[in-house]
Amino acid sequence: MKQRNHTFDFLCGICIIRMICLHTITFCGHKNEEWWTDIMAWSFFFMCFFFFKAGYFNKTVSGNSRTYILDKAKRLLIPYAVWGTIGFIIFAAFIPFELKRYHHTVEPMDISHLWKTSSFWGNEPVWFLMSFFAAYVLVHLIKKIHIVKPISVFQSVVILSCPLISYWLWTQGNPLPLSLSNVFMGVFFFNLGRTWHWIIDRMGRGSTIAISLLLITAFVCLNIVWHGEYVMSTNRFTGEPLAAFFNTVIILLGLSGLLIKLPLPRVPLINYVGQHSMVYFVAHYPIIQFYRFTHISFGYSMYGRWDDVIILLVFVFTICTLLVPHVERVTWLSGRLKAKPKPEQKPIITASSEQHSPEPASKA
């Protein structure tokens, strides 16, 4: 077997750890502290990385549309609905306690939330699974375009126009339902990952490392003097929109190219989280909400408390780690489809083998 390259596991792990820390720190009231905003300003590209990674490893987006879409639905939409429902059950279970103590719910329950966003009350991050599914489907449909020749050139024009569509939708207030305005940016980064894989497979190790270092250096310099951020969850640009897009592109290419070609050794904790990122992603928010609402129901506030940040992080990572082997065994929880056993091939018996083999054909 080919030795596993730990680069993407490491980057996935960093992204998941960053996300869990973000949600924990937000609920504990430290989101706007200067040191944390600096971290976010230098790591804003990580959600785009998931689309980039999917494209990098994807072998084909063609084939029968019905089969393709059903496969992606099983892997993404079923866990989306299940974990969204789990989060909502936890959220709803504490409403009577909130009403009894505060005479209103802690979080407003606007009915427009149902069609405006693809988030669930109690598990908001699952928006990603809906957007991920929609991006896969759109990538597949673009691949199916046969109305213009040369097809590959037309498809490239469509893909390159996706960031412009995403930006335009943002200027219009992101009108698409279920927060799907971000899908076009996801399609672009998916194809960027596929293209980058094709390029570095044809470049030498030294050339890839040199180009990657150049891209990383450019990102560091540009992010200081020409800063912008893209928030995938809300399809929102802050600062300089062009800078947000360009800097995201060059850091994804540079960071992945460098770490792939070094290669990166396995970092046990971070790589484990990255390898099992789905479980940490879907399960962490309901756990945070359970901890939060339990405290709120008893009139205890976590706001401004660093001890709760530490306790909550230990609590979340411990529970998620314990859940990994159990969740990954269940398709509708993890999205991992069980591999179908390959049918046994019957030996081909030739005339010569019948003449010379001392064993019966059934034992051949």
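Residue indices begin at 1 and follow the sequence shown.
- For the atom pair CE (M40) and CZ (R18), the distance works out to 3.5 Å, reported to the nearest 0.5 Å.
- Side chain of N271 to main chain of H6: a donor-acceptor pair is present (N/O by atom type, distance under 3.5 Å, no hydrogens or angles).
- The same ILVMFWY cluster, assembled from side-chain heavy atoms under 4.5 Å apart, contains both L114 and I95.
- More than 12 heavy atoms of other residues, nucleotides or ligands shown are found within 6.0 angstrom of CZ on R202.
- In this structure, CG on L192 lies 8.5 Å from CD1 on I199, to the nearest 0.5 angstrom.
- Aromatic ring centres of H23 and F27: separated by at least 6.0 Å.
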Notebook entry, point to check: Run the side-chain contact (heavy atoms from CB on, under 4.5 Å) check on Y136 and F190 step by step: do they pass?
Noted result: CA-CA 9 Å; Y136 264 117; F190 183 97; 3.5 Å; yes
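- Of the possible polar contacts, none joining the T318 side chain to the F315 backbone as a donor-acceptor pair under 3.5 Å is found.
- Aromatic ring centroids of F132 and F51 lie under 6.0 Å apart.
- The same ILVMFWY cluster, assembled from side-chain heavy atoms under 4.5 Å apart, contains both M109 and V126.
- Only one option out of Y167, F246, F44 pairs with F237 in a ring pair (Phe, Tyr, Trp, His ring centres under 6.0 Å); it is Y167.
- Between the side chain of N123 and the main chain of P286, no donor-acceptor pair closer than 3.5 Å is present.
- Closest approach of Q275 and D9 over heavy atoms only: CG-OD2, 3.3 Å.
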Notebook entry, point to check: Where do W332 and K74 land on the side-chain contact (heavy atoms from CB on, under 4.5 Å) test, with the steps shown first?
Noted result: CA-CA 7 Å; W332 48 270; K74 289 176 184 176; over 6 Å; no
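- A donor-acceptor pair under 3.5 Å links the side-chain atoms of N247 to the main chain of W226, judged by distance alone.
- Under the 3.5 Å distance criterion, the side-chain polar atoms of R194 are left unmatched by any main-chain donor or acceptor of Y56.
- Between W170 and F184, the ring centre distance reaches or exceeds 6.0 Å.
- Counting non-hydrogen atoms of neighbouring residues, nucleotides and ligands closer than 6.0 angstrom, the CZ atom of F298 reaches no more than 12 such neighbours.
- Classification of the Y80-F120 ring pair by plane angle, with boundaries at 30° and 60°, yields perpendicular.
- Between atom CZ of residue F46 and atom CD1 of residue I16 there is a gap of 11.0 Å, rounded to the nearest 0.5 Å.
- With hydrogens and angles ignored, the 3.5 Å screen pairs a side-chain donor or acceptor of W83 with a backbone N or O of L333.
- In the hydrophobic clustering of ILVMFWY residues, with side-chain heavy atoms under 4.5 Å counting as a link, I310 and I39 come out apart.
- The 12-atom threshold is exceeded at CD of Q172, counting heavy atoms of other residues, nucleotides or ligands nearer than 6.0 Å.
- Checking each of F219, F52, W196 against L252 for a side-chain contact (heavy atoms from CB on, under 4.5 Å) leaves exactly one that passes, namely F52.
- In summary, the side chains of H326 and E328 do not present any donor paired with an acceptor at a separation below 3.5 Å, with no hydrogens or angles considered.
- The backbone N or O of V61 sits less than 3.5 Å from a side-chain atom of H140, completing a donor-acceptor pair.
- Residues L269 and V279 do not share a hydrophobic cluster, defined by chaining ILVMFWY side chains whose heavy atoms lie under 4.5 Å apart.
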Note to self: Checking T294 against Y300 for the side-chain contact (heavy atoms from CB on, under 4.5 Å) test, could you report, in this order, the C-alpha distance in whole Å, the side-chain angles of both residues, the deciding distance, and whether it holds?
What the structure shows: CA-CA 9 Å; T294 301; Y300 175 85; over 6 Å; no
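- For F91 and F293, the ring centers are positioned less than 6.0 Å apart.
- Taking CG of L259 as the reference point, atom CG of L255 lies at 5.0 Å (rounded to 0.5 Å).
- Going from atom CD1 of I319 over to atom OH of Y291 covers 12.5 Å, rounded to the nearest 0.5 Å.
- H113 places no side-chain N or O within 3.5 Å of a backbone atom of P108 that could act as its donor or acceptor partner.
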Margin query: Does H276 form a ring pair (Phe, Tyr, Trp, His ring centres under 6.0 Å) with Y280? I'd like the steps, not just the answer.
Written below: CA-CA 7 Å; H276 307 283; Y280 288 88; 7.5 Å; no
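- At distances below 3.5 Å, not a single donor-acceptor pair connects side-chain atoms of S277 with backbone N or O atoms of C12.
- Under the 30°/60° scheme for interplanar angles, the aromatic rings of F245 and F189 are found to be tilted.
- Once rounded to the nearest 0.5 Å, the distance linking CD1 of I251 with CG of L215 reads 8.5 Å.
- A single hydrophobic cluster is not seen to contain both V314 and I270; linkage of ILVMFWY side chains at heavy-atom distances under 4.5 Å, directly or through other members, places them apart.
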Next item on the list: Just do the side-chain contact (heavy atoms from CB on, under 4.5 Å) check on M47 and Y230 with the steps written out, would you?
Entry: CA-CA 9 Å; M47 285 310 294; Y230 175 67; over 6 Å; no
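- A donor-acceptor pair under 3.5 Å links the side-chain atoms of N235 to the main chain of S166, judged by distance alone.
- Judged by a 6.0 Å distance limit and a 45° cone about the ring axis, K72 is positioned over the six-membered ring of Y68.
- Within a 6.0 Å radius of OH in Y272, other residues, nucleotides and ligands contribute more than 12 heavy atoms.
- Using cut-offs of 30° and 60° for the angle between ring planes, the W121 and F88 rings count as tilted.
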